[in-house]
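Worksheet for the structure shown next.
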Amino acid sequence: MEPGTALVTGASRGIGRAIAAALAARGQRVFLVARDAEALEAAATAIAASTGAEARWATADLRAPDAAERLLGACHDVFGPPGIVVNNAGTAPTARFEKTDDALLDEVLDLHLRAPLRLLRAALPDLRAAPQGTAVQVASTAGLRGFAYTTAYTAAKHAMVGMTRALAEELGPDSSVRTYAVCPGFVETDLTRDAAATRGPEHAAKAMQAMAAMNHIGRMHRVEEVADAVVELIVRRPAGTILDLDSEPPCFVESRPVSQP
Ligand SMILES: NC(=O)c1ccc[n+]([C@@H]2O[C@H](COP(=O)([O-])OP(=O)(O)OC[C@H]3O[C@@H](n4cnc5c(N)ncnc54)[C@H](OP(=O)(O)O)[C@@H]3O)[C@@H](O)[C@H]2O)c1
């Protein structure tokens, strides 16, 4: 991996923080983004201490239309242009289909589709100028398969995978910009723990077990596995690869040659 700057959204905790730490351990300066300043400061301090890499942060609600430009400006001020952008920030609200209203649809489409699209559009000149400009989307198995009570989320994650496929066609092989998506099953993070907690303290552990059982691999992923998969994509896999992590071994759903006629 060429040394440079990686901008990671949703990096204050969970999967995003693990990805930022893994990229920092491989020589990237990391620029962390989320809404909670205290959690970002804690994450940046811990990553810098454990890796020796520089870690800085900026707050943003990525649903805001001007967030992408503002964040990139802040990243330029601190580190210069990013060569890697990881679109990871997200929430995963659940609802029966008949309760899936426009507000819920907007929440997930804003976070999982509009924000990544805006960020990559704004960062494109930086990524094109980088020696190996790279965009990674943290999608989900919900971007590849259907899950009940998550119509909006599942549709948004399919959209994220679709955006990645389209960009791989449009930006690969003639451009230096490479795009990837990683699709984990259920991962043990605040996102799944909070969802389990809504069932009440006596049912939360069972709810976590039920999520683990829904993964094809029969257990929850660890955040480090997702982070390692992102590094593997960046370092070893051809542009356009969509990785289904919920498979033993992980399944590289779609690979296209780096150059094709
Ligand atoms: N956990 C799973 O089972 C699982 C499985 C497959 C895919 N994923 C995907 O992986 C990604 C990360 O999930 P996670 O499990 O690590 O979740 P998490 O632990 O809840 O972390 C979510 C991160 O996103 C940030 N975030 C949320 N809303 C934001 C907003 N409006 N603007 C800016 N930042 C925002 C959060 O920070 P703030 O709250 O401070 O903003 C936090 O840093 C998501 O895209 C999720 O869909 C998760």
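Both counts, for ligands and for their atoms, begin at 1 and track the order of listing. FYI, the numbering just counts along the sequence from 1.
Heavy-atom separations between Ala142 and ligand 1 are all 4.0 Å or longer. Using a 4.0 angstrom heavy-atom cutoff, Pro184 counts as in contact with ligand 1.
Under 4.0 Å from ligand 1, heavy atoms of Asn88 appear from its side chain as well as its backbone. Contacts between Ala92 and ligand 1, counted as non-hydrogen atom pairs separated by less than 4.0 Å, are absent for every part of the residue. Residue contacts with ligand 1, taken as heavy atom pairs separated by less than 4.0 Å, do not involve Leu40 at all. With a 4.0 Å cut-off on non-hydrogen atoms, Ala60 touches ligand 1 through its backbone and not its side chain. Residue Lys157 touches ligand 1 through its side chain alone, judged by heavy-atom distances below 4.0 Å. If you look at Ala115 next to ligand 1, there are no close heavy atoms at all, none under 4.0 Å. With a heavy-atom cut-off of 4.0 Å, His112 touches ligand 1 through its side chain alone. Here Leu191 has heavy atoms under 4.0 Å from ligand 1 in both its backbone and its side chain.
The main-chain N or O of Val138 is found under 3.5 Å from a side-chain atom of Lys157 such that the two form a donor-acceptor pair. Between the side chain of Asp110 and the main chain of Arg114, no donor-acceptor pair closer than 3.5 Å is present.
Thr192 and Glu188 share no side-chain donor-acceptor pair at under 3.5 Å.
The atoms of ligand 1 that sit less than 4.0 Å from any heavy atom of Asp190 are 19 (O). Those atoms of ligand 1 that come under 4.0 Å of a heavy atom in Asp36, given as number and element, are 40 (O). Within ligand 1, counting atoms from 1 as listed, the ones closer than 4.0 Å to a heavy atom of Phe186 are 3 (O). Against a heavy-atom cut-off of under 4.0 Å, Arg35 is close to the following atoms of ligand 1: 27 (C), 28 (N), 29 (C), 30 (C), 31 (N), 32 (N), 33 (C), 35 (C), 38 (P), 39 (O), 40 (O), 41 (O).
Cation-pi geometry between Arg237 and Tyr180 is not satisfied (NZ or CZ under 6.0 Å from the ring centre, within 45° of the ring normal).
At least one side-chain heavy atom of Arg63 sits under 4.5 Å from a side-chain heavy atom of Leu111. By the 4.5 Å heavy-atom criterion applied to side chains, Leu72 and Pro82 are counted as neighbours.
When Val182, Asn87, Val187, Thr141 are ranked by how near their heavy atoms come to atom 4 (C) of ligand 1, first place goes to Val187. When Pro116, Cys183, Ala18, Ser12 are checked for heavy-atom proximity to atom 37 (O) of ligand 1, Ser12 turns out nearest.
With Thr5 as the partner, the side-chain hydrogen bond (donor to acceptor under 3.5 Å, both in side chains) test is satisfied by one option alone out of Arg29, Gln28, His76: Arg29.
Judged as a salt bridge (charged side-chain N to carboxylate O under 4.0 Å, His left out), and not counting sequence neighbours, Arg35 has no contacts. Contacts of Arg145 classified as salt bridge (charged side-chain N to carboxylate O under 4.0 Å, His left out), with partners at least two apart in sequence or in another chain: Asp244, Asp246.
In this structure, Arg193 places its CZ atom where more than 12 heavy-atom neighbours from other residues, nucleotides or ligands lie under 6.0 Å away.
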